[in-house]
Amino acid sequence: MIRLLIADDEEMLRSALAALLALEEDLVVVAEAATSTDAVRLAREHRPDIAVLDLEMPPTDGLRAAEEIRAATPAQIVLVTRHARPAVLRRALAAGVRGFVPKTTPAARLAEIIRDVAAGRRYVDPDIAASALTEDECPLTERELEVLAAARTGASVNEIAAQVHLAPGTVRNYLSAAMTKLHASTRHAAAHHAWQQGWI
């Protein structure tokens, strides 16, 4: 039997996915999580063979949870996402994620992918892989990315400044430059866009 952890903050989707995968004779769902924190805790506790993680899951995200689960357990990771950005794919592969699939993947196909990953193979959705080859370059500097990453938590300018060891005025300048380059009306919108693209 392949033991699964299913983690998604949308309860209806998580429950439906768990129920559909549990219908497969060789799959058993040993735990379900609604947050990235719970996913890591339950992975340590239940030690599943495969953790199926939603990429966009509070309080951090599925990629961070994947890194922590990989560091603490032998579980293999399949990331499921609504926003399959090529840069996120590269980060996921670098973190040791073995499967990368869109949320539109039918449960029966996901079960096949899980079996492949359990057998030591890797699966990347072909459309995501193709878009990774034609992705636009990130227009932001390292410092702009750094302040946007800090802004994504909802921190104030002063809190960001303390975190990245810059003056508040300098942080404002970097945030303003990033917002202009990304055509975003707020720093939070700019940070979310940069995260969606996989730049932070």
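Source: prediction; values computed, not measured. Just so you know, these numbers use all the heavy atoms, side chains as well, and skip hydrogens, waters and symmetry mates.
- Closest non-hydrogen pair, Leu55 versus Trp195, comes out as O-CZ2, 4.2 Å.
- In this structure, Val80 is not a member of the same hydrophobic cluster as Leu93, with clusters built from ILVMFWY side-chain heavy atoms closer than 4.5 Å.
- In this structure, the separation between CZ on Arg41 and OG on Ser36 is 12.0 Å, given to the nearest 0.5 Å.
- No chain of hydrophobic side-chain contacts below 4.5 Å, direct or via other Ile, Leu, Val, Met, Phe, Trp or Tyr residues, connects Met57 to Leu110.
- Note that the OH atom of Tyr174 and the CG atom of Leu148 stand 12.0 Å from one another [nearest 0.5 Å].
- To the nearest 0.5 Å, atoms CG (Leu166) and CZ (Arg172) are separated by 12.5 Å.
- Within the model, atoms NE2 of His193 and CE of Met179 stand 13.5 Å from one another, a figure rounded to the nearest 0.5 Å.
- Side-chain atoms of Arg98 never come within 3.5 Å of backbone atoms of Ile50 as a donor-acceptor pair (strictly under, hydrogens ignored).
- With Arg91 contributing its side chain and Ile200 its backbone, the two residues share a donor-acceptor pair below 3.5 Å.
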Verdict with supporting geometry, His192 and Thr186, side chain to side chain contact (heavy atoms under 4.5 Å, CB included): CA-CA 10 Å; His192 184 68; Thr186 68; over 6 Å; no
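- Using a cutoff of 4.0 Å between basic side-chain nitrogens and carboxylate oxygens, Glu112 and Arg115 are not scored as salt-bridged.
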Distance-only donor-acceptor hits, side chain of residues 63-77, under 3.5 Å, sequence neighbours excluded:
{"unit_1": "Arg70", "atom_1": "NH1", "unit_2": "Ala75", "atom_2": "O", "d": "3.4"}
{"unit_1": "Thr73", "atom_1": "OG1", "unit_2": "Ile69", "atom_2": "O", "d": "3.0"}
{"unit_1": "Thr73", "atom_1": "OG1", "unit_2": "Ala75", "atom_2": "N", "d": "3.1"}

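- In this structure, Trp199 and Leu140 approach most closely via the heavy-atom pair CE3-CD1, 4.3 Å.
- A pairwise comparison of heavy atoms in Ala129 and Val124 identifies CB-CG1, 4.0 Å as the closest pair.
- Under a hydrophobic clustering in which Ile, Leu, Val, Met, Phe, Trp and Tyr are joined whenever their side-chain heavy atoms come within less than 4.5 Å, directly or via other members, Leu20 and Val52 fall into different clusters.
- The line from CD1 of Ile160 to OG1 of Thr153 is 6.5 Å long, rounded to the nearest 0.5 Å.
- His188 and Gly154 get closest at one heavy-atom pair: CE1-CA, 4.0 Å.
- Note that CG of Asp8 and OG1 of Thr35 are 11.5 Å apart. Values are rounded to the nearest 0.5 Å.
- Closest non-hydrogen pair, Glu144 versus Pro139, comes out as OE1-O, 4.4 Å.
- The pair Glu56-Lys103 fails the salt-bridge criterion, with no side-chain N (NZ, NE, NH1 or NH2) lying under 4.0 Å from an Asp/Glu carboxylate O.
- Using a 4.5 Å cut-off between side-chain heavy atoms of Ile, Leu, Val, Met, Phe, Trp and Tyr, with links allowed through other members, Leu27 and Leu42 fall into different hydrophobic clusters.
- Within a 6.0 Å sphere centred on CE of Met1, heavy atoms belonging to other residues, nucleotides or ligands number more than 12.
- For the residue pair Ala33 and Arg14, the shortest heavy atom distance occurs at O-CD, 3.1 Å.
- If you chain together hydrophobic residues whose side chains sit under 4.5 Å apart, Leu53 and Leu21 never meet in one group.
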